Amino acid sequence: MNERRTTVLKRLITRPEIAFLMEAHSGLSARIVEEAGFEGIWGSGLTISASFGVRDNNELSWSQVVDHVAFMAEGTSIPLLLDGDTGYGNFNNMRRLVRKLEQVGVAGVTIEDKQFPKTNSFLRSELQPLADIDEFCGKIKAGKDSQTDTDFVLVARVEALIAGWGLAEAIKRAEAYHRAGADAILIHSRQSSPAEIFAFLDEWGNRAPVVLVPTKYWRTPTEDFRARRVGAVIWANHALRASISAMQAAVARIRAAESLIDVEPNVAPLQDVFRLQGDEELQEAEKRYLPVARGATLSAIVLAAGAATDFGGLTRAVPKAMLRVQGRPILARLLDDFAHFGCRGVTVVRGHHAAAVDVAGARFVDNREFAETGEAFSLALTEDALVPGTLVAFGDIVLKRHLIQAVLEDAGDGITLVVDSTLAASTAADRVRASRPDSGRFEFDEVSLVAIGDDVTPSHGAWIGLLHAGRDGAAWLGEAIAAARADGTLRSARLSDLITRVLADGRAVRVVYTRGGWVNVNNLTDLLAASDIGL
Ligand code: SPV
Ligand code: MG
């Protein structure tokens, strides 16, 4: 089990080496901070407020802050120390705050000894009233008594230097807060020199870990903090300020140019956005949990180039794929069937009467040599579309939807063919011998292809002209195309020839049996039979 984030934060702050906490103000920026390699996150009150477009004066309610940091904690695995302002009220509000922060996975909270509603330390600093020491100690005790996780970190922030009350007051307060149970002291300063901070550190002498926020004394070399055994340094607002500069520059350019031309190459690619949102994890989870997970990334290639010979005058001007079954072109039906399973992106290879092959939602590739070439050549023309999760189908098949569902449910990373076992004793094309015949019962063991071709005898059925190519399967088909191209057989090869090559390479090809439910439309009789194929 992973170590608790409270434990990690406690160690970061108490260990001898210095720790760095980087500001974040949203789930997104928190992820960027983690990705950059930081060990912890500072949930800044200033920048969270600013990201909502409100002031750092407790204009966000405490529960809005908690809801917001919940996203930051949820999206990251490193500890988050929240800037809890004054604790949003008295000791009682502090108790609820600590309990709620623990619930949402925040590892620690800092509270400052000012009065609610607070003002940012760099605004009207000397006018800011400080909290009564005893009252603030009560708040610290209440916070520590409320935590259920023993390692939840409470940092007490001393504002005496900010308010101009001097070093002695700062030390007095730090000592009182330390005794009240604070795990660390944050000493804040608004001077550009670290002198008063160093004076504090010298006087304090490591009674308890010290946390610094060098926003104003930013020129101080980090070595100087290290040498003084500072527990942690907070880079308190630089993620937000960097994003402001970047947003200002980009929107100004877009406004001036009335175009994205100058900006697009200079902003984070959308892929970065998706990655930071964790899309990859969702993709993996979909594979595990969605019944037809491949639907999410399913595309299809339909081979519809071939000329039809056996239709009398019917296909003189209309290619086979555009013949109507129950009033709709065969190709349009096929695309609807694919779309039903989430298929996005269909490439259709046209040849015979190319211009007449036209259905909505498809991309077309033309095989101008359709009369002298075959299926494999047509497929090779669409190699760019042969990606993991592709259905490959002949454009003249009419089928029941459950056949597509069957191939998707059984599809693995390789190649999966749908085979009609009722054609075992026939002379159909693309006959198949498999590792076992169709038993007619649902069986758990996979059926694998042994041979495919017009001369396979005895056979266990015939391929219906529909296959699924998964992650590896798409690559195997690509390799088979390359090999056929290399030995000069690509032009005349059938798809079954490519599959035979895949088998010869020692790859396992799966078979899913069906019993009817489809028609390959080769003549008028088939066309009539196709009308009986419902959904
Ligand atoms: C914050 O980041 O909100 C802080 C540090 O509290 S400061 O803005 O310096 O007060
Ligand atoms: Mg703050």
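Order of listing sets the numbers, starting from 1, for every ligand and every atom in it. Please read these numbers as outputs of a predicted model, since none were measured by experiment.
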Checklist entry - Is the NZ or CZ atom of K216 both under 6.0 Å from the centre of the six-membered ring of F122 and within 45° of that ring's axis? => result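 Yes, K216 and F122 form such a contact.
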Next on the checklist: Would R228 and W204 count as a cation-pi pair here, with the cationic atom under 6.0 angstrom from the ring centre and within 45° of the axis?
Outcome noted: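 R228 over W204 ring: no.
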Any nitrogen or oxygen of [X], main chain or side chain, under 3.5 Å from a nitrogen or oxygen of ligand 1?
X: V213; value: no
X: F122; value: no
X: W42; value: yes

Item to check | ligand 1-proximal atoms of D83, by part, heavy-atom distance under 4.0 Å | outcome: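 Side chain only.
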Item to check | Residue pair W42, T47: steps toward the side chain to side chain contact (heavy atoms under 4.5 Å, CB included) verdict | outcome: CA-CA 10 Å; W42 169 241; T47 68; over 6 Å; no
Distance to 0.1 Å, residue and atom name: give those for the protein heavy atom nearest to [atom].
atom: atom 2 (O) of ligand 1; answer: S44 OG, 2.7 Å
atom: atom 8 (O) of ligand 1; answer: N120 ND2, 2.9 Å
atom: atom 7 (S) of ligand 1; answer: H188 NE2, 3.6 Å
atom: atom 6 (O) of ligand 1; answer: R157 NH1, 2.6 Å

Next on the checklist: Can a side-chain donor-acceptor contact be found between N237 and S44 if the only test is distance below 3.5 angstrom?
Outcome noted: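 There is no such pair between these side chains.
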Checklist entry - Does a side chain donor of either K114 or S121 reach within less than 3.5 Å of an acceptor in the other side chain? => result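 On atom types as modelled, these side chains qualify, holding a pair under 3.5 Å.
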Checklist entry - What is the ring orientation for H68 with F52, classed by angle as parallel under 30°, tilted 30 to 60°, or perpendicular over 60°? => result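 The rings of H68 and F52 stand perpendicular, inter-plane angle above 60°.
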Checklist entry - Taking only residues two or more places apart in sequence, or in another chain, which ones meet H25 in a ring-ring contact (aromatic ring centres under 6.0 Å, His included)? => result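 For H25 there are no ring-ring contact (aromatic ring centres under 6.0 Å, His included) partners, ignoring immediate neighbours.
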Next on the checklist: Taking 2.8 Å as the cut-off, does D83 contribute an N, O or S atom near the Mg ion (ligand 2), distance below it?
Outcome noted: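 Short answer: yes, at least one N, O or S atom is under the cut-off.
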